[in-house]
Amino acid sequence: MDIDEDDEDDIVITKRKRTSNGTAAGSKRAKKVKEEPKSARVPKTPKTPKSAAVSKAPKTPKTPKTPKTPKAAKTPSDKVKEETPKEETPDDMGYKWWEAEENDGEQKWETLDHNGVIFPPEYEPLPLHVKLFYNGKPVNLPKEAEEVAGFFGAMLETEHAKNPVFQANFFADFLQVLKECGGCGVEIKEFSKCDFTKMYAHFELLREEKKNMTKDEKKRLKAEKEAFEEPYKTCLLNGRKELVGNFRIEPPGLFRGRGAHPKTGKLKRRVPPESVTLNLGQGAKIPDPPPGHQWGEIRHDNTVTWLAMWKENIADSFKYVRFAASSSIKGQSDFKKFETARNLRNHIEEIRKDYTKLLKSDIMQNRQMATATYLIDIFALRAGGEKGDDEADTVGCCSLRYEHITLKPPNKVIFDFLGKDSIRFYQEVEVDHQVFKNLRIFKKDPKQPGDDLFDRITPSLLNRQFQNYMKGLTAKVFRTYNASKTMQDQIDLIPNEGTVAEKVVKFNAANRTVAILCNHQRTVSRTHNTSVQKINDKLKELIWNKIRLKKMILELEPKLKKKDPKYFNELDDLSKEDEAHIHKIIIERQKEQAFKKLQRDNEKLKAEKMPLLSEDSIKEKLEKIDELKEEYALELKTGKPEIKKSTTVEKLKQQIETIANRISTTTFQLKDKEDNSEVSLGTSKMNYIDPRLTVMFSKKFDVPIEKLFTKTLREKFKWAIESTDADWRF
DNA sequence: CAGCGTACTTAGCACGTACTTT
DNA sequence: AAAGTACGTGCTAAGTACGCTG
C-alpha cells in the first residue's frame, strides 16, 4: 500500500547539493558484488529500541562545568605545583596526578627522556635442509626472499593462507622481494607450484621444541628477556618515571587485514632505524641507534604524547610508540573523556528535543543531520567516516548505504552491515515514525544499492553541530555517554544482597547489556559447541535421574501421585530414545573409567617395577557394569526402576532436592555461557564504562575490586579506584 | 569545504598461563 | 597429573577527530 504518499512531511527541499561526487562516490561501491560477509555472525534476537525521550537528566544550566580533577582530597595542591622540576627523586611511579592541579592546554609535557625502541632480531636463515619447493624441486632462496616465504610457510594452516586475496598479495610481494635481491636461479611464476610444507613442518618443530623446554630453561629465557627490555619499559616524564606501552618496533610479516581487506597478505616490511623518528625533551640524551645505523629524525615536540614513530608501508600511515595505559598522560585523557561524556547528561535532553524537531525540517541536510544523530544516540552507531577502495568495505552511520537498511512499515528497520573490524551489525528494531519516514526518503527513487543514505552530511559536519551544544561533544561521545548511562541504570536495578559471587554475576550481566548496546562481539571459541553439548548431556542425565527417583517414590507409594500431581507431572518428559541414549552414555563412561583406572594403576606399578595387572583384574567390575546395563534395559521396558530395600520416600525426596539444585545451577551456567559466547565484555569495561561506576559498585556492594578489574585494569584505573566512593553517580 | 596528514582511541584475536575438572 | 577451559595480556589493525592547506 501507498503509505503517506501525500504526506507533506515527505516533501523536503533539497537546498545544497553536495558538490563534486555526490552520486559518483556512492555508486563506486554499487558495482561491488556483495559477497556474503565472511565473519557474518548469527543475527541476534530482535531488540526493541529504548525510547528516545526517556532521559531523566535534569535540564541544568548550560554552562559546562570544567572537568574538575577527581580529587581524593582537595589538599595541598598549590604546594605540589610549586615544586615542579625537581630532579632528586625521579624514581617514584606513584605520582597521583588526580591529586595535583589540573593540566589543560596545548603543551603535554615539560621534559621527556627515554631509551628509544627495541628492534626485532635480524632474520636468521633456515637450516639448509629446509627449503621452499617449486614445481617439486627445492629452491635456494636468498635470505631476504626466504624470510618472506617463511612468513607464509608459518601460516600455512591458518584461514589466511587459504584466502585467495591473501595468497595473491603475498605472492606479488614475494616475487618483488625476490627480484630486488637478484632472484634464485629458478623462474618462479605460479603460486600454485610453490610448496611450503617443508617450511611449515620446520616451524612446527620449533614450536614443539619450545613447548618441550624444561621449566628452568623457560624461566631463564624469560628472565633474559626481562633484563633486556628493562631500559625500554619506562621513561622519564617531567622527571617522573612512567611506563611505556609498546616499545617494540613491529616485526616484519604478512599483513593480516580483518574482513575482506584488499591488502591482506601484503608484506609488512622491516622497519630500519633510519625510518624511525624519536620524540624527546629538549636537551634529553639521544639514545644510541643500533650499531651501524642512524635515527631517521629527532624531534622535540611537547604538544604530542608519542615517544617514537615510524611510517608503515601497508596503508602508508604512522605507527607510534606511546605511554602505557596506566601512565599519567593516558589517565588524564581517559578521565577527561569520561568527564566529557558525563557532561553530556546536562545537554542530552535539549539535543534530543532539537533533533526530534529537526527530523521534520524542510532542509534535507538538516533532516539527515537529525536522523543520523538519532541513530547515533539510540543505536550507538559510530560516526562512519569515508573509506577508500583499498580498505575493507565497512561502514558507520554517515557511510551507511542503501543496501544496509531494510524498511518494514509501519516503523521497523532492519540494519545489516559490517562495522568496524568487519563485525556484523544486525538489528531488527522499531524506530520513531518520523525517522522511518526519513529513511524512506533517503532511499527514494534515483537512489539504488551502492548509494549513500546520508549523502549530504559527514562526520565533521555532525561534530561541528555537536560542538554548538557542548565543548568537546563529538559523535563518539554519545557511545561513551550511553554506555556509562546504561551501566549506571543497570547497577541501580541490582539489589544489594547475596554472596559476592552472585553480585559479580549481576555486575557482569549489567556489563553485558552495555556490550550488546555497543555491539562488542567475539568469535565463538572453537570448543564452544562441544562444551555446550557436554553440559547438555550432563543436564539430560540429571533430569533423567530426577525422573527416575520420582518413579521410585510412586512405586513405594502410588497414591502420592493424586496428592501432588504437579510434583510428578514431568514423569513422561523423556522419550524412550533419550532414555536409552542416557543409559548408553552412563554405561560407556563407567567402562571407560574402569579401563582408565587400570591404566593408571599399571603405570604406578611399572614405575615401581612391579608386575602389571591384566584386563582380567577388572573383570568383576565390568561384569557389574553389564548387570547395570541389563537392569537399565529392563527398566526401559517396564518403566519401573529397581528399588533398593533400604530406600524410603524421605530419602528419595532428599536426593531429588539435591539433583534439582544441581539442575538449576547447571542450567544457569549453560545459559550464561550461551549468552556470553559471542559477546565480549572486555572492550566496554576498558573503554566505555566509566571506571568510577565499577569502583562505586565495588564499594557499595562490598565486592572486592579484584573481582571486577584485572590487575592491568586496576593500574589503568587507579585514579578512579582512589577517588571514588560508594555513592558516586555517573 | 575537500582532502590530506597527524595523533589519538577503540577493537578483536592469538597465545600463554592460571585455574578447574576429570 | 593430565587434560580441558577460562582468563589475561600483548599485539596491531581499524576506527574517530581535527587542523592545515590549497
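Owing to the predicted nature of the structure, the values given are computational and were not obtained by experimental measurement. A, B, ... follow the sequence lines: proteins, then strands. Residue 1 opens every chain.
Spacing between atom NZ of A/K716 and atom P of C/dG10 amounts to 13 Å, rounded to whole angstrom units. Atom-to-atom, CZ of A/R248 to P of C/dT12 comes out at 9 Å; the value is rounded to the nearest Å. C/dA14 atom C1' lies 13 Å from atom CG of A/N687, rounded to whole Å. Taking atom CD1 of residue A/I249 and atom P of nucleotide C/dC11, one finds them 12 Å apart after rounding to whole Å. Summarising the geometry, the separation between CG on A/D301 and P on C/dG19 is reported as 15 Å, rounded to the nearest angstrom. Residue A/K420 contributes atom NZ, which lies 14 Å from atom C1' of B/dC13 at whole-angstrom precision. Atom CD of A/E715 and atom P of C/dG8 are 14 Å apart (whole Å).
Of the candidates C/dC18, B/dA7, B/dG12, the closest approach to any side-chain atom of A/I423 belongs to B/dG12. For A/K319, whose side chain is taken as the heavy atoms from C-beta onward, the closest listed nucleotide among C/dG8, C/dA13, B/dA11 is C/dA13. Listed nucleotides C/dT12, C/dT16, B/dA7 differ in distance to A/R322; the shortest reach to its side chain belongs to B/dA7. If you check C/dT9, C/dA17, B/dG12 against the side chain of A/A383, the one that comes closest is C/dA17. Taking every side-chain heavy atom of A/R522 into account, B/dC13 is the closest of B/dA11, C/dA14, B/dC13. Picking from B/dG12, C/dT12, C/dG15 the nucleotide with the shortest atom distance to the side chain of A/E250 gives C/dT12. Side-chain proximity of A/K210 to B/dG16, C/dC18, B/dT9: nearest is B/dG16. Each of B/dG12, B/dA7, C/dT9 was ranked by its minimum atom distance to the side chain of A/Y320; first place goes to B/dA7. Listed candidates were B/dA11, C/dC18, C/dA13. Nearest to the side chain of A/Q467 is C/dC18. Of the candidate nucleotides B/dG12, C/dT12, C/dA17, C/dA17 has the atom lying nearest to any side-chain atom of A/A475.
Under 3.5 Å, the side chain of A/K337 and the base of B/dT9 form no donor-acceptor pair of N or O atoms.
Nearest-nucleotide mapping onto DNA chain C: of A/N246 and A/T712, the residue sitting toward the 5' end is A/T712.
Contact between the side-chain N/O atoms of A/H520 and the OP1/OP2 oxygens of B/dT10 is not found at any separation under 4.0 Å. One finds a side-chain N or O of A/K108 lying less than 4.0 angstrom from the OP1 or OP2 phosphate oxygen of B/dC8. Taking 4.0 angstrom as the limit, A/T523 places none of its side-chain polar atoms (N or O) nearer than this to OP1 or OP2 of B/dG12.
Both tests hold for A/R322 against A/Y320: distance to the six-membered ring centre under 6.0 Å, angle to the ring axis within 45°.
Within the 4.0 angstrom heavy-atom criterion, only backbone atoms of the sugar-phosphate kind lie near A/G384; the bases stay farther away. Using a 4.0 Å heavy-atom distance criterion, A/K476 is classed as a sugar-phosphate-only contact. Residue contacts shown for A/Y688 are limited to sugar-phosphate atoms, with no base heavy atom under 4.0 Å away.
For A/H300 (side chain) and A/G281 (main-chain N/O), a donor-acceptor pair under 3.5 Å exists by modelled atom type. Side chain of A/Q368 to backbone of A/D455: a donor-acceptor contact under 3.5 angstrom is found. Using a distance-only test at 3.5 Å, with no hydrogens or angles considered, no donor-acceptor pair links the side chain of A/D421 to the main chain of A/I423.
A/H114 has its ring centre no less than 6.0 Å from the ring centre of A/F247. Ring to ring, A/F425 and A/F379 are not that close: their centroids are 6.0 angstrom or more apart.
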